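Position 1 is the first residue of the sequence; numbering continues from there. From a predicted model like this one, the values you see are computed outputs, not experimental measurements.
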Amino acid sequence: MRPDPKSTLSGLRQRLDHRFTQPDRLDRAAYQALDRDDRWSYDSLRLQWFGAGFWLKTADTMNLLRSVKGYLRTTHEYAVGERNIVLDGPANVGKTTMLLRLAREVEMAQARMNPDYRRHGHVPVVYIEAAPRSTPKMIAAAILDFFGTPVGERRTQRELVGNATDLMIARGTRLLIVDELQMLRLHGPHGDDAMDTLKSIINNAGVVTVLSGIDLTSKLASRAAEQIMGRGEILPLRPFSYASDTDRDRWAALLLRFSEEMHLVDDEPDRLLEFADPLHALTAGRIGNLRRVLSRALSVAIDEKPTPDAPEVIVEEHIFGAAGAGAVLPESGRKKRRSAVA
């Protein structure tokens with residue numbers, strides 16, 4: 001059964017509550033001892049785990065968690081001041097994944113303080129997504145939609161903002177996440193009105209807010225946007241660079257982390273380092289692209305073995321095939337990395 005949209009309370013909690021099963025690490029003898037059905041189950045478990053199950057603790061993710069936890073611990077809902085975070089970066093650098101991890105951490109913290117918080121109707125995190133060319137009314141309506149509250153066609157903007165604010169206060173919301181903010185009408189009077197609406201909700205509800213989107217710092221130029229961004233911090237997310245030895249070592253460490261989660265029976269963890277250069281070129285250093293390419297390569301390595309006894313290793317054909325038929329690099333882009341991180 002497919003989960004509800006993550007921009008609804010039920011859909012968000014379905015994702016936060018789901019736990020993927022981490023596969024055991026089997027050696028060749030243990031893998032060959034599995035019967036056909038168990039081998040199929042184990043292969044499926046490995047692919048699901050690598051595709052969506054594990055979480056990477058990147059420096060950017062930890063910075064976001066620290067900032068939000070700091071605001072939640074040191075501010076009061078009646079106070080005003082700096083408690084906004086703008087998560088800004090291009091596509092496929094892991095913004096939404098970070099936001100969902102943040103939401104899970106905040107809900108887990110609430111559960112430690114009050115194990116019955118859900119039974120009491122508390123909703124510590126609200127997650128909404130800006131729809132294409134969102135208007136001011138649509139921001140407040142998205143919050144009401146998150147809770148499953150009917151919006152009504154004849155409500156004024158002021159009524160919608162008041163209803164959304166009152167609902168978050170009544171449900172004990174501490175964190176408001178607004179994703180895909182680049183979809184908002186950010187220019188002209190509509191952009192000013194939309195940011196004013198968002199600013200009013202933030203101020204009146206007393207919530208810590210994370211605004212996330214693509215290239216926001218170049219688009220949020222209105223007076224209200226400047227006020228929102230000036231009352232917090234900007235966390236820029238950028239693709240992994242490959243310009244210096246330090247950059248390349250960071251990339252190699254990331255590949256090692258991914259390799260560890262593949263659970264291949266025969267492959268050595270540092271084998272992916274042989275493909276560090278082409279993988280960076282193919283993915284533009286974007287972690288979302290990297291996970292997609294490696295997930296497809298892993299699927300081919302596992303599912304297209306000629307026999308169950310055939311070696312499980314990632315080879316160049318898997319990587320370039322996963323990146324697409326048009327992904328062809330010159331020989332200079334296929335240099336092999338050293339086999340260990342400096």
Side-chain angles (χ1 to χ4, degrees), residues 4-13 68 71-72 75-88 99 102-103 106 121-213 216 219-233:
D4 297 329
K6 61 181 178 293
S7 56
T8 64
L9 177 57
S10 59
L12 179 65
R13 286 187 168 168
V68 172
Y71 286 136
L72 292 174
T75 62
H76 191 277
E77 52 265 33
Y78 292 151
V80 295
E82 298 180 356
R83 54 187 178 207
N84 304 320
I85 297 172
V86 176
L87 196 61
D88 179 43
L99 295 175
L102 171 63
V106 172
H122 294 170
V123 181
V125 181
V126 169
Y127 178 101
I128 65 172
E129 292 178 326
R133 299 185 65 80
S134 292
T135 63
K137 291 178 66 173
M138 292 170 68
I139 296 294
I143 296 174
L144 297 177
D145 286 340
F146 176 84
F147 287 102
T149 301
V151 174
E153 296 182 359
R154 297 186 178 181
R155 293 191 194 181
T156 66
Q157 178 178 328
R158 182 174 182 178
E159 289 173 331
L160 288 174
V161 170
N163 293 154
T165 300
D166 292 343
L167 191 52
M168 285 197 293
I169 293 174
R171 303 296 289 273
T173 300
R174 301 291 313 283
L175 174 65
L176 171 63
I177 297 174
V178 184
D179 200 4
E180 306 293 351
L181 193 64
Q182 78 279 356
M183 296 293 187
L184 198 66
R185 290 185 180 181
L186 297 173
H187 300 292
H190 285 295
D192 289 343
D193 288 346
M195 295 307 298
D196 278 330
T197 297
L198 187 56
K199 179 170 172 279
S200 176
I201 293 172
I202 293 170
N203 289 340
N204 294 336
V207 291
V208 175
T209 306
V210 177
L211 309 175
S212 176
L216 293 180
K219 297 176 180 177
L220 297 178
S222 68
R223 173 187 52 80
E226 291 176 356
Q227 290 179 349
I228 290 176
M229 296 174 71
R231 291 177 49 193
E233 58 187 288

Checklist entry - Atom NZ in Lys6, atom CD1 in Ile128: separation rounded to 0.5 Å? => result 12.5 Å
Checklist entry - How long is the span from the CG atom in Leu211 to the OG1 atom in Thr209, to the nearest 0.5 Å? => result 6.0 Å
Using residues 158-166 as the side-chain source, report each donor-acceptor pair under 3.5 Å to any protein atom, sequence neighbours left out, with the distance given to one decimal.
unit_1 : atom_1 : unit_2 : atom_2 : d
Glu159 : OE1    : Thr156 : N      : 2.9
Asn163 : OD1    : Arg155 : NH1    : 2.8
Thr165 : OG1    : Val161 : O      : 2.9

Item to check | Spacing of OG belonging to Ser10 relative to CZ belonging to Phe146, to within rounding of 0.5 Å | outcome: 8.5 Å
Checklist outcome for this item: Rounded to the nearest 0.5 Å, the CG atom of Leu175 sits from the OH atom of Tyr71 at a distance of 12.5 Å
Checklist entry - Can you find a heavy atom in the side chain of Glu129 that is under 4.5 Å from one in the side chain of Met183? => result no
Checklist outcome for this item: On a heavy-atom basis, the closest approach of Pro124 and Arg13 is CD-NH2, 3.9 Å
Checklist entry - Yes or no on side chain to side chain contact (heavy atoms under 4.5 Å, CB included) for Val125 and Thr173, after CA distance, side-chain angles and deciding distance? => result CA-CA 6 Å; Val125 181; Thr173 300; over 6 Å; no
Item to check | With sequence neighbours excluded, residues passing side chain to side chain contact (heavy atoms under 4.5 Å, CB included) with Asp145 | outcome: Val151
Item to check | Spatial distance of atom OH (Tyr127) from atom CG (Leu9) [nearest 0.5 Å] | outcome: 14.0 Å
Checklist entry - Can you check side chain to side chain contact (heavy atoms under 4.5 Å, CB included) on Gln182 and Leu216, steps first, answer last? => result CA-CA 6 Å; Gln182 78 279 356; Leu216 293 180; 4.2 Å; yes
Item to check | Check against side chain to side chain contact (heavy atoms under 4.5 Å, CB included), Leu99 and Leu87 | outcome: CA-CA 9 Å; Leu99 295 175; Leu87 196 61; 3.9 Å; yes
Checklist entry - side chain to side chain contact (heavy atoms under 4.5 Å, CB included) with Val210: which of Asp179, Leu176, Ile85? => result Ile85
Next on the checklist: If the condition is side chain to side chain contact (heavy atoms under 4.5 Å, CB included), which residues does Ala131 pass it with, not counting sequence neighbours?
Outcome noted: Ser134, Met138
Item to check | Residues that Glu180 engages under salt bridge (charged side-chain N to carboxylate O under 4.0 Å, His left out), provided they are two or more places apart | outcome: none
Checklist entry - Do Thr8 and Asp4 have side-chain atoms, one donor and one acceptor, less than 3.5 Å apart? => result no
Item to check | Residues in side chain to side chain donor-acceptor pair (under 3.5 Å) contact with Thr197, at least two apart in sequence or another chain | outcome: Gln157
Checklist entry - What distance do Met168 atom CE and Ile201 atom CD1 have between them, rounded to the nearest 0.5 Å? => result 6.0 Å
Next on the checklist: Using the side chain to side chain donor-acceptor pair (under 3.5 Å) criterion, which residues pair with Ser7? Sequence neighbours excluded.
Outcome noted: none
